Structures are given as structure tokens and as C-alpha cells.
Amino acid sequence: MKIGVIIVAAGSSRRMGFDKLMHPLAGKPVLQHSIDAFTSLAQVDAIVVVTSEERFKQLTPHPKLIRADGAAERHLSVSNGINALPAELDLIAVHDGARPLITQQQILKVCEQAQIHQAATSACKVTDTMKRSDANGFSSASVDRENLWAMETPQVFLAPLLLQAYQHVSKHKLLVTDEVSALEAIGVPTKLVHNTTENLKITFPEDIASAEFTLARFNR
């Protein structure tokens, strides 16, 4: 099995006020943690980091790493990553660079399910009470949480299938926020693989402290 990986790291971190992807986390940048989860997996053939040249130069060099330019929209950045991957891959995995806590065990679980079901993603069952708010931020209705999942990454697909999905997205000028949505656009469902480990997306400054705590707690 040959796996190609696209790590999306093209964001500007406007909500953070600083470059969250290059912020130190347990001695190395957030983005480096995300990359390192994949580099030592023997099944991974190539890793395209979709990011700026400036960020890429600050990463630890590795023979599997390739850089691709980012774009204004996430799906266009992923498309650039797909174009930079080598041919003849079995699976393509897409991972957010801002998710530094992903475990290799979960990566392999999702890849195994993608081989079986064509498409699979790391996800987490929603267990909290869900509310919909009005425009002023007041609760207006409850949302049934049965069968609700919070999407994570990596999202992994048979390589030809992801290429087909992105050709469809491009042809019809669709705006998709993740690869599961791209597959849904061509009528292909994605297997949801429950993740029992912390896999938060660094979004706010306090998330750095939460990630530090998790890494220290599990000695990762």
C-alpha cells in the first residue's frame, strides 16, 4: 500500500494574532508535530505540505517532504497538493497542519477503513447537548445529536476517487470545506472512524496550552 499525504498549512492564523502553525509546542512547531506523525510510517510514500516557502524552510528536512503553494480557499490548496503528489498511489490522506495531536494508530485505522470502504475519515461522535442560536447569540432550538459527528482529519480516500471528486468540484465550481464534502458531491459516502484520542485543531491561543497538557499527559 502506497499512501500520499497532503498536509494543509496555508492559513494566515488571523484569529490567533500570531502564526499558530509555527508556534512552539513541546519543543517544536505545531506544524512539525503534524508532519512527524506521518513521516515515520513505512506506508507513506510522499508528503506534500501546502504552505509558504518561508514556513517550509523552518521545518525539519525529510526526503518524503514536498512543498506546494497554498490558495485563497482550502479546496484549492488541496487541489494544489494533489497535483504535487507522485502518480500510482493507492490512497491519499488529507490532514490539517493545525491538528498536531493525531496519533499514528488513528492514522492507520483510518487508512485501513479507506481500503475497505473507498473513503474514511477520523471523526468524533457528538455527545454534548447541541443548540442552534439566533443572530444575536441566544439559544433558539435544540439540535438532535443522534448520529451527529464532528469531522476531524486525516480524511483518506482511494487515490482515483479523490481525483474524480476534485475534478467534479473544479468543473462545477463548488465550494467545499473538507474532502468528505467533495466525495458527497459525487454521491460517495465516507466511513466515519471514531477517534478515542485527543485531536483538537489549534484555533485559539488557549488551544496551545491544551495541546501541551495532552502531550505531557500521554508522554507523546
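Quick note: residue numbers are just sequence positions, from 1. Bear in mind that the values here come from a model prediction, so they are computed numbers and not experimental data.
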Legend entry - Arg67 and Asp69 ion-paired at < 4.0 Å: yes

Could you walk me through whether Gln106 and Ser122 pass side-chain hydrogen bond (donor to acceptor under 3.5 Å, both in side chains), step by step?
-> CA-CA 7 Å; Gln106 181 67 3; Ser122 184; 3.0 Å; yes

Determine yes or no for a side-chain-to-main-chain donor-acceptor pair under 3.5 angstrom, with Gln58 supplying the side chain and Glu54 the backbone.
yes

Checklist entry - Side chain of Gln118, backbone of Phe157: donor and acceptor closer than 3.5 Å? => result no

Applying the 4.5 Å side-chain criterion to the ILVMFWY set and letting contacts propagate, would Leu158 and Ile186 be lumped into a single cluster? yes

Problem - Any donor-acceptor N/O pair, Ser170 side chain to His168 backbone, under 3.5 Å - result: no

Rounded to the nearest 0.5 Å, the CG atom of Leu21 sits from the CG atom of Leu59 at a distance of 9.5 Å

| field | Ile3 vs Ile92, side chain to side chain contact (heavy atoms under 4.5 Å, CB included): CA-CA, chis, key distance, verdict | value | CA-CA 6 Å; Ile3 303 171; Ile92 296 177; over 6 Å; no

Exercise. Stepwise, does the side chain to side chain contact (heavy atoms under 4.5 Å, CB included) test hold for Trp149 with Val126?
Worked result: CA-CA 5 Å; Trp149 294 69; Val126 172; 5.5 Å; no

### Task
Taking the side chain as every heavy atom from C-beta outward, state whether His23 and Pro29 have any pair of such atoms under 4.5 Å apart.
no

Value for CD1 (Ile6) from CG (Asp96), rounded to nearest 0.5 Å, stands at 12.0 Å

Minimal heavy-atom distance between Ala84 and Ala68, with the atoms involved, is CB-CB, 4.1 Å

* Asked: Are Leu108 and Val94 linked, directly or through other ILVMFWY residues, by side chains that come within less than 4.5 angstrom of each other?
  -> yes

task = Consider only side-chain heavy atoms of I, L, V, M, F, W and Y, link residues closer than 4.5 Å, and tell whether Val143 and Met151 are in one cluster.
result = no

Exercise. Can you check whether Arg132's main-chain N or O pairs, donor with acceptor, with Ser140's side chain at less than 3.5 Å?
Worked result: yes

CZ (Arg217) and CD (Glu212) are apart, to the nearest 0.5 Å, by 15.5 Å

**Study point:** Donor on one side chain, acceptor on other, Lys131 and Ser142, under 3.5 Å
**Key:** yes

In short, Leu85 meets Ala46 closest at the heavy-atom pair CD2-O, 4.2 Å

Scanning both residues in full, the closest heavy-atom pair of Leu200 with Ala211 reads CD2-CB, 4.1 Å

Distance col, row Glu88:CD vs Asp90:CG, nearest 0.5 angstrom, shows 9.5 Å

* Salt-bridge present (Arg99, Asp207; N to O < 4.0 Å) -> no

Counting only N and O atoms by type, is there a donor-acceptor contact under 3.5 Å from the side chain of Arg145 to the main-chain atoms of Thr127? yes

For Gly81 and Val50 the tightest heavy-atom approach is CA-CG2, 4.0 Å

When every non-hydrogen atom of Ile7 is compared with those of Gly97, the smallest separation belongs to CG2-CA, 3.7 Å

Separation between CD1 (Ile202) and OG (Ser34), nearest 0.5 Å, reads 8.5 Å

Begin with the C-alpha distance, continue with both residues' side-chain angles, and end with the deciding distance and a verdict on side chain to side chain contact (heavy atoms under 4.5 Å, CB included) for Ile107 and Leu41. CA-CA 10 Å; Ile107 293 169; Leu41 291 175; 3.8 Å; yes

Report task. Without swapping roles, check the side chain of Asn136 against the backbone of Phe138 for a donor-acceptor pair under 3.5 Å. Result -> no

Got a donor-acceptor contact below 3.5 angstrom from the Lys64 side chain to the Val44 backbone? yes

**Asked** Would you find a donor on one side and an acceptor on the other, under 3.5 Å apart, between the side chain of Arg74 and the backbone of Val8?
**Response** no

Is there a side-chain contact between His33 and Lys28 (heavy atoms, below 4.5 Å)? yes

For this session: Give a yes or no on whether Phe213 and Phe204 share a hydrophobic cluster (residues Ile, Leu, Val, Met, Phe, Trp, Tyr; joining criterion: side-chain heavy atoms under 4.5 Å apart).
Result: no

Would you sort out whether Val48 and Val5 count as a side chain to side chain contact (heavy atoms under 4.5 Å, CB included), showing the intermediate values?
-> CA-CA 6 Å; Val48 176; Val5 179; over 6 Å; no

- Task: Verify whether one side chain among Ser181 and Asp178 offers a donor that lies under 3.5 Å from an acceptor in the other.
- Result: yes

Correct closest heavy-atom pair for Gln155 and Glu179 would be OE1-N, 3.0 Å

Q.
Under a 3.5 Å distance rule, please check whether Thr121 uses its side chain to pair with a backbone N or O of Val156 as donor and acceptor.
A. no

Any chain of hydrophobic side-chain contacts (each under 4.5 Å) joining Leu76 to Leu174? no

| said: Quick one: does any side-chain atom of His75 pair with a main-chain N or O of Ser79 as donor and acceptor, under 3.5 Å? | reply: no

Taken to the nearest 0.5 Å, the spacing of Ser210 OG from Leu215 CG works out to 11.0 Å

(message) For Lys191, is the NZ atom crowded, meaning more than 12 foreign heavy atoms sit under 6.0 Å from it?
(response) no

- Query: Under a 4.5 Å cut-off applied to non-hydrogen side-chain atoms, are Asn199 and Thr103 in contact?
  - Reply: no

Check your understanding: Does any donor atom in the side chain of Gln104 or Ser40 lie under 3.5 Å from an acceptor atom in the other side chain?
Key -> yes

